[in-house]
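Take a look at the structure set out below.
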Protein chains: 2
Amino acid sequence: MVRRTQAERSGTTTAQLVAAAEELFGRNGYAAASLDAVAAAAGVTKGAAYHHFPAGKTALFRAVFVRHQERLADALAEAGAAAPDPRAALLAGARTFLEHCLDPAFRRIVLLDGPSVLGWEEVREIEYGYALRVLRAAMEDAVRADGGTPDTALTARCQLVFGALCEAGMLLARAEDPEAVLPVVVGEAGRLLGA
Amino acid sequence: MVRRTQAERSGTTTAQLVAAAEELFGRNGYAAASLDAVAAAAGVTKGAAYHHFPAGKTALFRAVFVRHQERLADALAEAGAAAPDPRAALLAGARTFLEHCLDPAFRRIVLLDGPSVLGWEEVREIEYGYALRVLRAAMEDAVRADGGTPDTALTARCQLVFGALCEAGMLLARAEDPEAVLPVVVGEAGRLLGA
DNA sequence: TCCGGTTGCATACCCTCGGTATGGAAGTGA
DNA sequence: TCACTTCCATACCGAGGGTATGCAACCGGA
């Protein structure tokens, strides 16, 4: 191995750590995956994990959670940009979110373990920087396109819609044929968005 | 202590166990409360806990979860029966649910830890026997009162509304003055129910 | 190029906690 | 009274999160 800079060493190990954590947390859940197992899967030991994530296991989980949010927000922004009008953008975003929910790892991390491990408050705070920000902006656009003016209750409404979408995602995953049920759920979501 | 029958001994200890578990799980969450602590708070030891709940800690949590559901379902039924018409019953039920969400222990057990500990599937299965059953019946009544006929999508719609209500409950708790925000959230929930 | 200081990480250890095994006391039916 | 079951405490085990220590790899200046 050639001489590597500290930033390189640190960067690769943290990346491997987060990747391994995403894999194990996503597969069996937060509680079932031990830190030793995550570190071993990353090719290091627990010492390295605590060096880069002094706050411990929850900090590692938080990094994984943020990673999922980043990918989701990117996909949402892309879907919204491709839509012809604000209302279509909303529906496309809902569909994109539900498609992400088809991934068991996404559901485990974002919908199931997230609130329990990080607390509801922190989870929503993080999401306000990613998916929820996109959703809120899309709803504002839709309201303006309908000739209305965004009011203070819009934030609450945005959040309720988000809750419904999360539930829809879980419902979708429970179905025996998710692909077939997706249009139905998207339709119901669209009905809710007509408020 | 006079001579007590086995059923009495068993009944009192399980009741104390569940009561202590409800207290500790509700206060600090499932992971933070150890089984030893719960048993000690109930005045017994871990041996008694495993005797009455062979499946261990999760079984005890499940009992606490079901207890909360029973109380909630009772309150919902009561609120619905007192309402003049199906639509008012729906709104009253939503309000009742949100009032329950003002209790931090309820939020921890039912909304936060429940899905993570028991799994989303089992949680919703239990809730279908309590709160979700009441909600669904109320929505059917409301649809019929509007001259419509309940269709297959009603189950999905019921679930989406429930998701929105859960999110509303958390949102409500986060507010600095929950009592003042309650009407606003109830109004938004009513808007969603108008679908 | 050398060399104190810092960073990256492994090894060894402690402690809490969920779960199991065992023994004995309290109740039960005959 | 006496076998038998139920109830529950005590003692123990292993896994896992977190900490302490020590060494090797980098860094920055003389």
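This is a predicted model, so every value here is computed, not measured. Each chain gets a letter, A, B and so on, in the order its sequence line appears, and its residues count up from 1.
As judged by a 4.0 angstrom heavy-atom cut-off over every strand, A:Ala32 is placed among residues making no nucleic acid contact. Residue B:Ala7 is classed as having no contact, given no heavy-atom separation below 4.0 Å to the nucleic acid.
Residues from residues 37-50 of chain A lying near DNA chain C, meaning a heavy-atom separation below 4.0 Å, are A:Val44, A:Thr45, A:Gly47, A:Ala48 in numerical order. Listed by residue number, there are no residues of residues 57-65 of chain A with a heavy-atom contact under 4.0 Å to DNA chain C.
Distance alone, capped at 3.5 Å, places no donor-acceptor pair between the A:Ser10 side chain and the A:Ala7 backbone.
Scanning both residues, B:Leu118 and B:Phe65, for their nearest heavy atoms gives CD1-CG, 4.1 Å. Among all heavy-atom pairs drawn from A:Ala39 and A:Lys46, the shortest one is CB-N, 3.8 Å.
Between C:dG8 and A:Thr13, no contact under 4.0 Å exists linking OP1 or OP2 to a side-chain N or O.
Here B:Glu22 pairs with B:Arg67, B:Arg71 under the side chain to side chain donor-acceptor pair (under 3.5 Å) rule; sequence neighbours left out. Checked against salt bridge (Lys or Arg N to Asp or Glu O under 4.0 Å), A:Glu140 has the following partners two or more places apart in sequence or in another chain: A:Arg136, A:Arg144. Listed by chain and number, the residues in a salt bridge (Lys or Arg N to Asp or Glu O under 4.0 Å) with A:Lys57 amount to none (sequence neighbours excluded).
Note: B:Phe25 and B:Phe61 have tilted aromatic rings, judged against thresholds of 30 and 60 degrees for the angle between ring planes.
Inter-axis angle, ends of the helix from C:dT1-D:dA30 to C:dA30-D:dT1, five pairs per end, rounded to 10 degrees: 10°.
Between A:His52 and B:Pro54, the residue anchored nearer the 5' end of DNA chain C, judged by the nucleotide with its closest heavy atom, is A:His52.
Salt-bridge annotation for A:Glu125 and B:Arg174: absent, with no side-chain N of the basic residue lying under 4.0 Å from a carboxylate O of the acidic one. Between B:Glu122 and B:Arg62 a salt bridge is recorded (basic side-chain N to carboxylate O distance below 4.0 Å).
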